2 protein chains.
Amino acid sequence: MFADLHTTTTKSQPILGFSPSETKITPSEFKYSKGTEIYGEAEPADYVYQVIDGAVRSYKLLSDGRRQIGAFHLAGDIFGLENDDVHRFTAEAIVDTTVRLVKRVSLEHVAQEDLIVAHSLLNMTTTNLQHAEDHMLLLGRKTSLERVAAFLLEMDRRLTAAGIMALPMCRRDIADYLGLTLETVSRVLSYLNDKKVLGFIGQNQRQIVLLNRGQLAELDL
Amino acid sequence: MFADLHTTTTKSQPILGFSPSETKITPSEFKYSKGTEIYGEAEPADYVYQVIDGAVRSYKLLSDGRRQIGAFHLAGDIFGLENDDVHRFTAEAIVDTTVRLVKRVSLEHVAQEDLIVAHSLLNMTTTNLQHAEDHMLLLGRKTSLERVAAFLLEMDRRLTAAGIMALPMCRRDIADYLGLTLETVSRVLSYLNDKKVLGFIGQNQRQIVLLNRGQLAELDL
DNA sequence: CGGTGGGTTGAGGTATTTCAAGGCTCGTGG
DNA sequence: CCACGAGCCTTGAAATACCTCAACCCACCG
């Protein structure tokens with residue numbers, strides 16, 4: 001799978017919030033260029049990943065091409081962690097992305113001996129579960145306006161720097177995350193722009209500044 | 001919370017697939033009558049539950065009453081397991097239901113010492129996560145027909161006895177699970193009945209026999 | 001420069017919801 | 001024992017939120 005990739009093994013660095021100095025875990029770094037698949041659904045889950053820089057989308061496909069993005073992974077996020085032997089999503093780099101990765105088996109080895117690590121695996125899985133549970137409510141019961149508002153607040157929380165949110169993903173990605181079409185997402189964003197709830201900066205429409213978080217939050221009850 | 005309930009403490013019986021004979025875990029049994037709340041969203045998670053007999057729905061509410069059911073818990077299922085201190089769903093008995101319950105702290109105590117138990121907690125959480133991930137795809141991207149088909153196959157797998165599926169939940173519950181209205185669910189079931197994909201038995205429309213699983217499965221790609 | 005990959009916007013279509021009526025079953029009380 | 005109401009389910013007709021199809025614009029890049 002990684003045969004054609006540069007294997008730039010780096011010095012040991014913390015992953016998962018614990019120092020692996022005395023363990024056998026030696027993370028490596030990889031780079032995936034925009035649009036590249038990191039792993040596919042149902043492929044063996046040999047590695048666990050952490051985003052160093054960039055952004056990743058995890059999604060499932062139906063046979064006719066309909067796509068549901070389950071999560072976006074941004075700088076710092078860990079993804080690809082499966083308790084099972086296979087990945088349940090396809091993961092793709094949204095932009096040029098650097099990841100750190102460790103062998104899953106070595107991680108499990110450590111977890112077998114270290115209760116702290118085992119606990120942190122459970123914690124990560126629970127965090128993922130919690131996100132999925134909230135997302136079920138969004139997908140099952142919220143309007144397009146509420147979905148986009150929730151998305152903006154989530155991204156605001158996760159990647160806003162200096163008041164500006166620079167979205168790495170395109171409208172189609174947002175739509176497939178929210179269970180909408182890209183046109184609907186675009187229309188809602190235009191609507192929120194008209195209402196001065198947000199503003200676009202620059203020319204590519206991916207830099208957004210939230211002008212009225214409170215108004216968005218009211219849509220998120 | 002349980003002050004008004006009969007505390008029929010029973011002899012120790014296996015929960016979570018391990019025998020607690022040498023641990024301090026002593027499960028008790030409770031009965032909840034139809035429609036009763038077992039715990040509420042954001043309440044402290046003091047107990048973990050297992051359905052002995054009956055059925056339970058776990059759901060989230062929006063402020064205006066829209067409801068999303070995240071899961072149905074049937075005989076044998078464990079629910080209410082939170083890594084956090086609070087429940088993230090409200091749980092209600094769909095029909096008269098008997099549950100076994102154990103104190104969450106005692107379970108965590110055991111997990112602290114026993115790696116097998118710790119691992120089984122992770123496994124359960126992963127199972128829940130997997131279900132939620134599949135359900136996101138259903139809620140975000142499937143048609144009403146595909147949703148009902150998936151629901152029928154899930155229930156067929158989980159509770160069919162002697163070829164007959166006796167649904168404990170009403171149309172509204174199914175609708176709130178599938179992100180539809182009860183009318184749409186009813187229409188799709190009528191449609192599948194007309195097409196001889198399923199048949200209703202008896203008079204209350206809750207006993208269903210699947211006549212053509214293959215045709216349903218084709219809708220589930 | 002021409003093409004490609006976003007993004008926006010309009011017009012029309014449709015799957016699902018909403019609103020409404022009616023039927024059936026079952027438990028309860030007169 | 002039967003009438004009655006409540007709960008649940010179905011079905012029809014109308015409304016609508018969102019999707020589909022299409023045109024157009026703009027930035028970027030070879």
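Note that the structure is a prediction, hence the values are computed from the model and not measured. Protein chains get the first letters and strands the later ones, always in sequence-line order, with residue 1 at the start of each.
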Covered region of DNA chain C, 5' end to 3' end, by chain B [heavy atoms, under 4.0 Å]
C:dT16 to C:dT25
Is there a residue in residues 165-172 of chain A whose heavy atoms reach under 4.0 Å of DNA chain C, and which residues are they?
A:C170, A:R171
Salt bridge (Lys or Arg N to Asp or Glu O under 4.0 Å) partners for A:R158, two or more places apart:
A:D77, A:E154
If every non-hydrogen atom of B:L180 is compared with every non-hydrogen atom of A:R141, which pair is closest and at what distance?
O-NH2, 2.7 Å
Closest heavy-atom pair and its distance - B:L138, B:A150
CD1-CB, 3.7 Å
dist A:R57:CZ -> A:T97:OG1 (nearest 0.5 Å) comes out at 9.5 Å
Between D:dT10 (C1') and B:R206 (CZ): distance, integer Å
14 Å
Is any side-chain heavy atom of B:I94 less than 4.5 Å from a side-chain heavy atom of B:D173?
yes
Looking only at the aromatic ring of each residue, does the gap between the centers of A:Y177 and A:Y59 stay below 6.0 angstrom?
no
Are B:M169 and B:M155 close enough that some pair of their side-chain heavy atoms sits under 4.5 Å apart?
yes
Can a side chain N or O of B:Q205 be found less than 4.0 Å away from OP1 or OP2 on D:dT10?
yes
Keeping the roles fixed (side chain from A:Q215, backbone from A:N212), state whether a donor-acceptor pair exists under 3.5 Å.
no
Quick one, which residues of residues 57-70 of chain B touch DNA chain D with a heavy atom under 4.0 Å?
none
Per-nt protein contacts along nucleotides 15-30 of chain D (heavy atom under 4.0 Å; B base, S backbone sugar-phosphate only, - none) come out as ---SSBB-----S---
Taking A:K60 for its side chain and A:R88 for its backbone only, find out whether a donor-acceptor pair lies under 3.5 Å.
yes
Kindly assign one of parallel, tilted or perpendicular to the pair B:F30 and B:Y32, based on the angle between their ring planes and the thresholds 30° and 60°.
tilted
Fit a plane to each ring of B:F72 and B:F151, take the angle between them on a 0 to 90° scale, and name the class: parallel (under 30°), tilted (30 to 60°) or perpendicular (over 60°).
perpendicular
Tell me, which pairs form a salt bridge (Lys or Arg N to Asp or Glu O under 4.0 Å) where one or both residues lie in residues 208-221 of chain A, sequence neighbours left out?
A:K142-A:D220, A:D156-A:R213
Side chains of A:Y191 and A:S186, heavy atoms from C-beta outward: is any pair under 4.5 Å?
no
